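Residue numbering restarts at 1 for every chain, and letters A, B, ... go by the order of the sequence lines. Remember, predicted model here, so these are calculated numbers, not experimental data.
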There are 2 protein chains.
Amino acid sequence: MQMLADLTERQRFLLNLIVREYTETAQPVGSRNLVEKYHLDLSPATIRNEMAVLTDFGYLRQPHTSAGRIPTEEGYRYFVTHIVYQADLPEAARHTISHQFYQARQDVEQWMPLAASILARHSRAASLVTAPHAERARHKHLELISTQGRQVLMVLVLTGGEVRQQLLTLAEPVTQKRLSEAAAALNLACNGKTTEEIAALPPRADALEKDILTLILADMNRDEQRLSGEIYLDGLTNVLSEPEFLGSDDARRAIRLFEERSLLQNLLMRVMPDSSVGGVQVVIGGEGKWEELKQCSVVLARYGMPGQATGMLGVFGPTRMAYSRTIPTVRFMADLLSGLVSETIAGEENEQ
Amino acid sequence: MQMLADLTERQRFLLNLIVREYTETAQPVGSRNLVEKYHLDLSPATIRNEMAVLTDFGYLRQPHTSAGRIPTEEGYRYFVTHIVYQADLPEAARHTISHQFYQARQDVEQWMPLAASILARHSRAASLVTAPHAERARHKHLELISTQGRQVLMVLVLTGGEVRQQLLTLAEPVTQKRLSEAAAALNLACNGKTTEEIAALPPRADALEKDILTLILADMNRDEQRLSGEIYLDGLTNVLSEPEFLGSDDARRAIRLFEERSLLQNLLMRVMPDSSVGGVQVVIGGEGKWEELKQCSVVLARYGMPGQATGMLGVFGPTRMAYSRTIPTVRFMADLLSGLVSETIAGEENEQ
DNA sequence: TTTTAGCACTCTCGAAGCGAGAGTGCTAAA
DNA sequence: TTTAGCACTCTCGCTTCGAGAGTGCTAAAA
């Protein structure tokens, strides 16, 4: 078996056809069927010869002698990198999607679920979107609100429009007035500063302010290693009705990933550790490294402004996924969200 | 076929056994098996006679002649109302659960996901918990925070510790200072007032304040009809591995309910329209009324303080659900959360 | 009157057997 | 280089069949 061979134009064309046919029907594709369905100007025998070559190269395999061919993981990989990667989303789809976002442009909160829903519908698989998360966030505004007894709601607004909130329990009850004063003092001291700069400040004289500051720092740091908490999911049911998820336990187990957010976060961090924006990452069938992704594929991209605020979005489905729809959609959505994020950030800089 | 007949002690006992056996094995239960497994002091023939009676009453049925019996929906209903309804959760389980909540007592935000997780684990099915939602909420504190350009984060704290936030887009940019002033003025005017009282106030002179007030009222009203937005889910994968969800399309479709939150909200409103706290509601196999719940059952309860703040929690699974575990767990969790909510509210009243 | 032993009967389920169909690889001719 | 022809292989769906489980009924025992 040879590997990494260059394919002829015709072989590429056939591989393309076979992958598309298989992703559609979930059935091994045979030579005669292929000729008939696509009205090829070749005889089944010729196709068989080419198929034999592609099988030799490791791009196709037969579930058993005398069944049709199905793509191997390498076959999908070739298909993705050499055939479909550069494809663009059709103009009509781009238009529709842009329009949907235009309608929701005021309500930032809607962006993530909308993106997830669009991804799910277009890829007919499960989708996930994480909120954009400022990488070098600066303090913008702090608010402390007494809710009940010793419980205080801390709302922290960072540059980039990111809002964090946390419920604190203080050692003893404090009046709203006292809280407001503390917040005002801290706002004055921290305004426009990064985590490092805040950390370098001389310790606060006031005990309450000191405690709060510690919590602010912890909160700003927390999400620099981890992902921001919110992950928006959609389209799980798409994937549930696929035959591979009905039959195989392996695949079914992968769905647990989506339920346990912590597992999902972990996976995202492992697949896309760096924060560069631009490429679409495709993990096919786990590729040896991801035991839990056997029989599944993931198409991921990072969006936003590198170094400032980025998030991730992607699609999860069976290895036999419609990459030719999914990859362009993921890329387009990433670009679109990047645009929205940079508009937001630009607006903010003008403001100052 | 007679209906609504009174059962003898022994018949009740057998129905009990059969339901439990079937929920465990998912196989029709036969007379001989039952005798052997539970060492009954009766012959299979006697059991068969009793089974025939129970079948006549409509509590059991046979998938086909000469298979064992399985409970009908009426059978489950009898089991639930006459046999298992009063059962208590074992002391050990109650203790463990209380302990888990004790450990998380500071962090109110953790209550809902914790409750969902416990419900899912104990019932081995899917669970859902909605956040408690104040029914006659009073205004406690308003905060307006400029995030970026014309976007303003409104944080509204109501009595009961409920926090609502919404991102507003104003007609034109406004400074943080101006926002703080508006918030201060509104806080003064609205403090401790209910929606109705606020609505009855004379209109604000200031245009910004007037706009904000309109939004506050809308927001306070919004959730009095609908459920509060947050629904916490857990344990979906438990239910996915049940045989009825692998085989039947009906059951699989029910899972979509869990993905589309709006469908789920709708369902909850229909199943539990009133706000009385105390009972556990059990919907078995849709009971004719809920087409989308064929083959599924739902065990729901409302918790909180009626008239003040209530939420819902429950379990979703196949009709063949372990009611004898699920119902006591749901009831116990509802009581427990009710306790937590009333503590919160009591604490608040002392404060005033 | 209630319980049970015995028995005939019914139905499912898995194994085995079998033939059709789809697909392949190879060879030799176009 | 392509293709027609052919022998071969393997799956899949269908049928058959017997074992096993379970029932209902009857008549005897308690």
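In this structure, B/Y232 has no ring-ring contact (aromatic ring centres under 6.0 Å, His included) partners at least two apart in sequence or on a different chain.
In this structure, B/L34 atom CG and D/dT23 atom C1' are separated by 15 Å, rounded to whole Å. For the pair B/R48 CZ and C/dA8 C1', the computed distance is 12 Å after rounding to whole Å. Look at CD1 on B/I70: it is 15 Å from C1' on D/dT23, rounded to the nearest Å. Going from atom CZ of B/R61 over to atom P of D/dT23 covers 15 Å, rounded to whole Å. Here the P atom of nucleotide C/dT4 and the CE atom of B/M51 are 15 Å apart, to the nearest Å. Remark: C1' of C/dA22 and CG of A/N33 are 9 Å apart, rounded to the nearest angstrom. The interatomic distance linking B/I47 (CD1) with C/dT4 (P) rounds to 9 Å, in whole Å. Taking atom CD of residue A/Q27 and atom P of nucleotide D/dC12, one finds them 9 Å apart after rounding to whole Å.
Note that B/R331 lies in the cation-pi zone of B/Y85, set by a 6.0 Å cut-off to the ring centre and a 45° limit from the axis.
Nucleic acid contact class of B/N49 (heavy atoms, under 4.0 Å, all strands): base.
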Discussion item. Reading 5' to 3' and counting Watson-Crick or G-U wobble pairs with both distances under 3.5 Å, write the dot-bracket notation for DNA chain C, | for bases paired outside the strand.
Written reply: ||||||||||||||||||||||||||||||
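Between A/F13 atom CZ and A/Y38 atom OH the span is 9.0 Å, to the nearest 0.5 Å. Taking CZ from B/R261 and CG from B/L128, the interatomic distance works out to 9.5 Å, rounded to the nearest 0.5 Å.
Classification of A/E242 and A/R320 as a salt-bridged pair holds, one side-chain N sitting under 4.0 Å from a carboxylate O. A salt bridge does not link A/R69 with A/E50: every distance from a Lys NZ or Arg NE/NH1/NH2 to an Asp or Glu carboxylate oxygen is 4.0 Å or more. The pair A/E259-A/R256 does not count as a salt bridge, with every side-chain nitrogen at least 4.0 angstrom from each carboxylate oxygen.
When all heavy atoms of B/F57 and B/Q11 are compared, the closest pair comes out as CE1-OE1, 4.4 Å.
Judged by distance alone with a 3.5 Å cut-off, no donor-acceptor contact links the side chain of A/R32 to the base of C/dG23.
Between B/T46 and B/H64, the one whose closest nucleotide on DNA chain C sits nearer the 5' end is B/T46. Of the two residues near DNA chain C, B/T65 and A/V29, the one whose nearest nucleotide lies more 5' is B/T65.
For the residue pair A/N16 / A/R12, no side-chain donor-acceptor distance below 3.5 Å is found, with atom types taken as modelled.
Near DNA chain D, meaning a heavy atom under 4.0 Å from it, residues 36-44 of chain A has A/L42, A/S43 in order of number.
Picking from D/dT23, D/dT2, C/dA22 the nucleotide with the shortest atom distance to the side chain of A/S66 gives C/dA22. Minimum atom distance to the side chain of B/A45 is reached by C/dA5, of the listed C/dG23, C/dA5, C/dT24.
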